[in-house]
Amino acid sequence: MENKKGTGKTALITGASSGIGQELAKLFAQDGYNLVLVARSVDTLHRLAEVFELNYGTAQVTVIEKDLSEEDAARDVYERVQSKGIVVDVLVNDAGVGVHGKFANETDWEAEKSMIHLNVLTTTLLTKLCLRDMVARNEGKVLNLASLVSIMPFPLMTVYAATKAYINSFTQSLVNELKDTNVTITALMPNATDTDFFNKAGASDVLATDMVDDPVVVARDGYEALMSGKPKVVPGGLVNKAYEVMAYVAPQETMAGMMRYTLTPKSEIARKLDERKPLFWAVGIGLAAAAVTGITLAARNRRTLAAD
Ligand SMILES: NC(=O)c1ccc[n+]([C@@H]2O[C@H](COP(=O)([O-])OP(=O)(O)OC[C@H]3O[C@@H](n4cnc5c(N)ncnc54)[C@H](OP(=O)(O)O)[C@@H]3O)[C@@H](O)[C@H]2O)c1
C-alpha cells in the first residue's frame, strides 16, 4: 500500500519493540512518518515494520538491532543512521528498564550499572548527537521517557527513580536552552503502565501492578504533547495529576512511605495483615464491648429518669 499521507519525515524510536515505545511507533506510522526502530528484539521490530507497511503504507522502516546499555551504543546507532543518509526529524528516547529491591543488600550492581547506562548515558548521548543536527537545521522534536516517579522518592526502585529524575532535569534544562529555536523537547511522565516493565524489573507481584494505565493512552498523550511542543506531560486522568501535585507539596518522607507501599510485594502486605489479625480482633472486640456497655448504661439511665 502506498503511504497516502507520507510526511517524508523520520522518527527514530528506541524501545520500539514493546510497551509504550511500540504504541508511539504506531502513532508515528499512522501519521505517515518513516521510522527507525531500535531495540534488541530484532524479530519483533521486523514484524512491526511489516505491519506498518501493510496497514499504514509506511514508506521506509529501518530496523536497528542494538543493546543500548553497551558502551557507545548511542554513537553506533547515530552513525548507522547517518550512513544511510537518514535525517532524524523526531527522536524518541523510550528504551528503559527498572531494577526492584533494597539498594543496600538486594539489588545487583551489574544490573543497576547497565540500567544507568541505558536510561541515562545512552539517552544523553543520543540526544546530544541528534539535537546538534536539529539545532543546525532549526527544526526537530525530542520526546524523553521520564516517569511520574522522576519528581518523588521511589524506595525499592531507588536507582531507577534517580535515573528518571536525571532525565526530567536534563529535559527541562534543555527546554530553556532551546527556547529561541524551532526545536522542542518534551518529558513524558507516566504513572505505572500496563507493560512488561514491572516483570522485567523483578517486581511482578507489587501493589503498583494493580493500578496500571493503558499504554495506548500514555503514548497518545505523550505524542500530542510532543507535537504541540509542551515541556512535559503527565498522561492519563486526574489521579495522576493529583499525584504530581502531591509530589510538589507533600513532605518527601510522606511521599517515600506512600510510594514504597506501592512497590511492596502483595504477598508481604497480605502476610503483615495476617500477623496483625489478632490485634484487629482485639481492637474490634474492645470497640464492640465499649459500644454495648455504652448502650446498656444509656438505656438504664433513661429508665431511671423515666421512673423519677
Ligand atoms: N511501564 C511503566 O510503568 C512506566 C512508567 C513510567 C515510565 N516508564 C518508562 O517507559 C519506557 C518504556 O517502558 P515500557 O513500560 O514500555 O516497558 P517495556 O514494555 O518493557 O519496553 C521497554 C523497551 O525498552 C527496550 N530495551 C530495554 N532494554 C534495552 C536495551 N538494553 N537495549 C535496547 N533496548 C532496550 C525494550 O526492547 P528489547 O527488550 O527488545 O531490547 C523495549 O522495547 C521506559 O523508559 C520506562 O522507564 C514506564
Side-chain angles (χ1 to χ4, degrees), residues 3-16 20-21 23-38 52 56-64 66 68 72-96 119-146 150 164 166-189 219-235:
N3 190 348
K4 297 221 174 59
K5 50 174 184 173
T7 60
K9 292 190 171 183
T10 300
L12 187 160
I13 305 164
T14 69
I20 301 167
E23 294 304 328
L24 282 162
K26 211 180 285 173
L27 292 172
F28 281 103
Q30 280 168 359
D31 273 356
Y33 277 78
N34 294 324
L35 298 167
V36 178
L37 307 177
V38 189
F52 293 159
Y56 313 120
T58 309
Q60 194 187 357
V61 185
T62 305
V63 165
I64 297 182
K66 189 73 197 167
L68 295 170
D72 257 351
R75 196 176 295 282
D76 183 43
V77 168
Y78 177 75
E79 282 169 2
R80 277 155 79 173
V81 169
Q82 289 286 100
S83 70
K84 290 177 192 292
I86 296 171
V87 172
V88 176
D89 297 286
V90 182
L91 168 66
V92 178
N93 285 304
D94 168 87
N119 296 9
V120 174
L121 291 181
T122 295
T123 299
T124 308
L125 181 55
L126 199 54
T127 304
K128 190 174 190 69
L129 295 169
C130 293
L131 210 51
R132 194 179 51 191
D133 296 343
M134 289 178 185
V135 168
R137 295 195 312 271
N138 198 21
E139 191 186 34
K141 292 185 180 303
V142 180
L143 182 68
N144 283 339
L145 255 294
S150 66
K164 293 300 175 178
Y166 172 97
I167 294 301
N168 202 5
S169 166
F170 171 65
T171 307
Q172 298 316 315
S173 296
L174 285 177
V175 167
N176 179 273
E177 286 190 26
L178 295 168
K179 74 177 168 25
D180 297 324
T181 74
N182 287 328
V183 181
T184 62
I185 188 160
T186 305
L188 174 55
M189 299 163 66
R220 185 204 60 205
D221 288 359
Y223 187 80
E224 283 172 4
L226 169 76
M227 287 306 162
S228 52
K230 287 190 181 153
K232 64 176 175 120
V233 60
V234 173

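Within the 4.5 Å cutoff, side-chain heavy atoms of L12 are placed close to those of V38. Using a 4.5 Å heavy-atom threshold, the side chains of M134 and L91 count as touching. I185 has its side chain within reach of T127: a pair of non-hydrogen atoms, C-beta onward, lies under 4.5 Å apart. Put simply, the side chain of P235 reaches to within 4.5 Å of the side chain of L188, judged on heavy atoms. Side-chain contact between N93 and V142 is present, with at least one heavy-atom pair separated by less than 4.5 Å. Contact annotation: the side chain of I167 never approaches that of L145 to less than 4.5 Å [non-hydrogen atoms, C-beta and beyond]. Residues T62 and V81 fail the side-chain proximity criterion, which asks for heavy atoms closer than 4.5 Å.
Panel note: side chain N138, backbone T181; no donor-acceptor pair is recorded below 3.5 Å. Checked by atom type and distance alone, the side chain of K141 never pairs as donor or acceptor with a backbone atom of V92 at under 3.5 Å.
Taken from OG1 in T58 to CD in Q30, the straight-line distance is 9.5 Å, to the nearest 0.5 Å. Note that the CG atom of L143 and the OG1 atom of T184 stand 9.5 Å from one another [nearest 0.5 Å]. With rounding to the nearest 0.5 Å, the separation of CD1 in I13 from CG in L35 is 5.0 Å.
Annotation for L24 and A219: closest pair CD2-O, 3.5 Å, computed over non-hydrogen atoms. Annotation for L129 and A74: closest pair CD1-O, 4.1 Å, computed over non-hydrogen atoms. Counting all heavy atoms, side chain and backbone alike, T124 lies closest to V120 at OG1-O, 2.5 Å. In terms of heavy atoms, G15 sits closest to A95 at N-CB, 3.6 Å. When all heavy atoms of A73 and T122 are compared, the closest pair comes out as CB-OG1, 4.4 Å. Among all heavy-atom pairs drawn from Y33 and T7, the shortest one is CA-OG1, 3.8 Å.
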Check residues 172-180 and write down every donor-acceptor pair under 3.5 Å in which the side-chain atom is one partner and the other belongs to a residue at least two apart or another chain.
{"unit_1": "Q172", "atom_1": "NE2", "unit_2": "N168", "atom_2": "OD1", "d": "3.3"}
{"unit_1": "Q172", "atom_1": "NE2", "unit_2": "P231", "atom_2": "O", "d": "3.2"}
{"unit_1": "S173", "atom_1": "OG", "unit_2": "S169", "atom_2": "O", "d": "3.2"}

Going by atom type alone, with no hydrogens or angles, which donor-acceptor pairs under 3.5 Å involve a side-chain atom of residues 222-229 and a protein atom two or more places apart or on another chain?
{"unit_1": "Y223", "atom_1": "OH", "unit_2": "D31", "atom_2": "OD2", "d": "2.6"}
{"unit_1": "S228", "atom_1": "OG", "unit_2": "E224", "atom_2": "O", "d": "2.8"}
{"unit_1": "S228", "atom_1": "OG", "unit_2": "A225", "atom_2": "O", "d": "3.4"}

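The side chain to side chain donor-acceptor pair (under 3.5 Å) check on T14 picks up nothing, with sequence neighbours excluded. Remark: E79 pairs with no residue by the salt bridge (charged side-chain N to carboxylate O under 4.0 Å, His left out) rule, at least two apart or across chains. The salt bridge (charged side-chain N to carboxylate O under 4.0 Å, His left out) check on D76 picks up K66, R80, with sequence neighbours excluded.
Y166 and T123 are not linked by any side-chain donor-acceptor pair at a separation below 3.5 angstrom, with hydrogens and angles left out of the test.
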Practice task
Starting from the C-alpha separation in whole Å, work towards a yes-or-no answer on side chain to side chain contact (heavy atoms under 4.5 Å, CB included) for R75 and L125.
Solution key: CA-CA 7 Å; R75 196 176 295 282; L125 181 55; 4.1 Å; yes
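A salt bridge (Lys or Arg N to Asp or Glu O under 4.0 Å) check over residues 7-16, counting only residues at least two apart or in different chains, returns the pairs K9-E139.
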